[in-house]
Amino acid sequence: MVRKANLDNLTKGAKPALHAAEPNWDMLRGLTDRPSKALVDARRKTNTLATRFSAAYGAAFWLARVSVEAAGYRLAGSEGHRTMVFQCLAHTVEWEANRWRRLDDIHRLRNHFDYGDIIDVSEAQVETTIADAQALLDDVLHLFPALESE
């Protein structure tokens, strides 16, 4: 069950994090298809670890965004939006803090990786990201059945 009151609180104030918005189910089904394909790429061992990590992280991000929009909200701004979608998992798919924080940690790792602060990711980090993205896909599809392809 989506925690609407918590999400509604994020629509308030001078700089709201979210805006209420009617879900566009056709668009969201398409956005859900993208992470499903990315997870296939992430699991493909012939791809480099960097490619697999990027695909798994991308899948997790898109699914977190889909969960916010399927719940009836959209991100209000671009600054911090990636962190916000992962934090909102507590309210959209009711993930406990240890689960959504792991994706938030992966987001920070991705920033360090993409901006050159670190040059490698490990197989374990890739596998954890794949597992978390797959769990998020399963939970999003379960909670929002309108996302299932027609």
Side-chain angles (χ1 to χ4, degrees), residues 1-4 6-7 10-11 16-96 98-116 118 120-150:
M1 178 64 75
V2 174
R3 296 179 184 150
K4 288 284 216 179
N6 298 61
L7 293 168
L10 296 172
T11 67
L18 301 176
H19 292 299
E22 195 65 34
N24 178 335
W25 294 108
D26 289 333
M27 180 195 72
L28 291 174
R29 275 189 287 279
L31 288 179
T32 305
D33 190 46
R34 182 184 300 181
S36 298
K37 291 175 181 172
L39 283 170
V40 170
D41 289 339
R43 288 187 177 101
R44 191 170 289 126
K45 301 280 186 174
T46 56
N47 287 335
T48 66
L49 278 177
T51 297
R52 294 174 59 215
F53 176 72
S54 292
Y57 170 80
F61 170 74
W62 284 106
L63 289 164
R65 179 182 161 199
V66 164
S67 74
V68 168
E69 294 188 22
Y73 300 87
R74 65 177 172 76
L75 294 166
S78 61
E79 187 175 327
H81 72 284
R82 288 183 178 261
T83 297
M84 178 57 58
V85 294
F86 292 128
Q87 292 173 353
C88 283
L89 292 174
H91 311 302
T92 57
V93 292
E94 295 190 358
W95 271 21
E96 294 178 11
N98 66 322
R99 293 182 78 191
W100 69 258
R101 281 190 182 128
R102 193 166 50 235
L103 286 176
D104 193 42
D105 289 344
I106 293 292
H107 165 68
R108 282 192 292 286
L109 174 65
R110 172 255 182 200
N111 282 350
H112 290 296
F113 184 71
D114 281 359
Y115 299 114
I118 61 171
D120 273 329
V121 291
S122 70
E123 180 72 30
Q125 289 167 318
V126 170
E127 291 298 330
T128 297
T129 307
I130 291 169
D132 287 344
Q134 182 63 57
L136 184 53
L137 175 62
D138 296 343
D139 288 351
V140 166
L141 291 176
H142 175 76
L143 189 60
F144 302 105
L147 293 171
E148 292 286 347
S149 296
E150 295 178 338

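None of these values were measured; they are calculated from a predicted model.
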field: Verdict with reasoning, Leu136 to Leu103, per side chain to side chain contact (heavy atoms under 4.5 Å, CB included)
entry: CA-CA 10 Å; Leu136 184 53; Leu103 286 176; 4.2 Å; yes
Nearest-0.5 Å distance, CH2 of residue Trp62 to CG of residue Leu28: 11.0 Å
- request: For His142, check side chain to side chain contact (heavy atoms under 4.5 Å, CB included) against everything at least two apart and list the hits.
  value: none
- prompt: Roughly how far, to the nearest 0.5 Å, is the CG atom of Asn24 from the CD atom of Glu22?
  reply: 9.5 Å
message: Once side chain to side chain contact (heavy atoms under 4.5 Å, CB included) is applied, do any residues pair with Ala131, and if so which ones, sequence neighbours excluded?
response: none
statement: When rounded to the nearest 0.5 Å, the distance separating CD1 of Ile130 from CZ of Phe53 is 10.5 Å
Exercise: identify the closest heavy-atom pair between Val93 and Leu143: CA-CD2, 3.9 Å
message: So which atom in Arg102 and which in Thr128 form the shortest heavy-atom distance, rounded to 0.1 Å?
response: CD-CG2, 3.8 Å
- line: Sorted by chain and residue number, the side chain to side chain donor-acceptor pair (under 3.5 Å) partners of Asp138 (sequence neighbours excluded) come out as Gln134
message: Among residues at least two apart in sequence or on other chains, which ones pass side chain to side chain contact (heavy atoms under 4.5 Å, CB included) with Ala59?
response: Pro35, Ala38, Leu39, Ala133
query: For the atom pair CG (Leu31) and OG (Ser36), what is the distance rounded to the nearest 0.5 Å?
result: 11.0 Å
task: Would you name the heavy atoms of Pro23 and Ala70 that are closest together and state the gap between them?
output: CG-O, 3.6 Å
- prompt: Can you list the residues that meet the side chain to side chain donor-acceptor pair (under 3.5 Å) rule with Thr46, with sequence neighbours excluded?
  reply: none
- prompt: CD of Glu127 to CZ of Arg43: how many Å apart, nearest 0.5 Å?
  reply: 8.5 Å
- request: Locate the shortest heavy-atom distance separating Val140 from Ser67; write the atom from each residue and the value.
  value: CG2-CB, 4.0 Å
- prompt: Can a salt bridge be assigned to the pair Glu94 and Arg99 using a cut-off of 4.0 Å between side-chain N and carboxylate O?
  reply: no
message: According to salt bridge (charged side-chain N to carboxylate O under 4.0 Å, His left out), who are the partners of Lys4, at least two apart in sequence or on a separate chain?
response: none
query: Residues in ring pair (Phe, Tyr, Trp, His ring centres under 6.0 Å) with Phe144, at least two apart?
result: none
- line: Trp95 meets the side chain to side chain donor-acceptor pair (under 3.5 Å) criterion, sequence neighbours left out, with Asp139
message: Looking at every heavy atom in both Cys88 and Val68, which two are closest together, and how far apart are they?
response: CB-CG2, 3.7 Å
query: Is Glu148 reaching over with its side chain to a backbone N or O of Pro145, donor-acceptor style, under 3.5 angstrom?
result: no
- request: Would you check if Leu137 and Thr32 make a side-chain contact, meaning some heavy-atom pair closer than 4.5 Å?
  value: yes
message: Can you list everything that forms a side chain to side chain donor-acceptor pair (under 3.5 Å) with Thr11? Sequence neighbours excluded, please.
response: none
- prompt: For residues 53-67, which residue pairs qualify under salt bridge (charged side-chain N to carboxylate O under 4.0 Å, His left out), counting only residues two or more places apart or in two chains?
  reply: Arg65-Glu69
task: Show the numbers, then the answer: is there a side chain to side chain contact (heavy atoms under 4.5 Å, CB included) between Arg52 and Gln125?
output: CA-CA 10 Å; Arg52 294 174 59 215; Gln125 289 167 318; over 6 Å; no
- prompt: Looking only at heavy atoms, which two atoms of Phe86 and Phe61 are closest? And how far apart?
  reply: CZ-CA, 3.8 Å
- request: Apply side chain to side chain contact (heavy atoms under 4.5 Å, CB included) to Gln87 and list each qualifying residue two or more places apart in sequence or on a separate chain.
  value: Thr83, Met84, Trp100
- line: Asp41 meets the salt bridge (charged side-chain N to carboxylate O under 4.0 Å, His left out) criterion, sequence neighbours left out, with Arg44
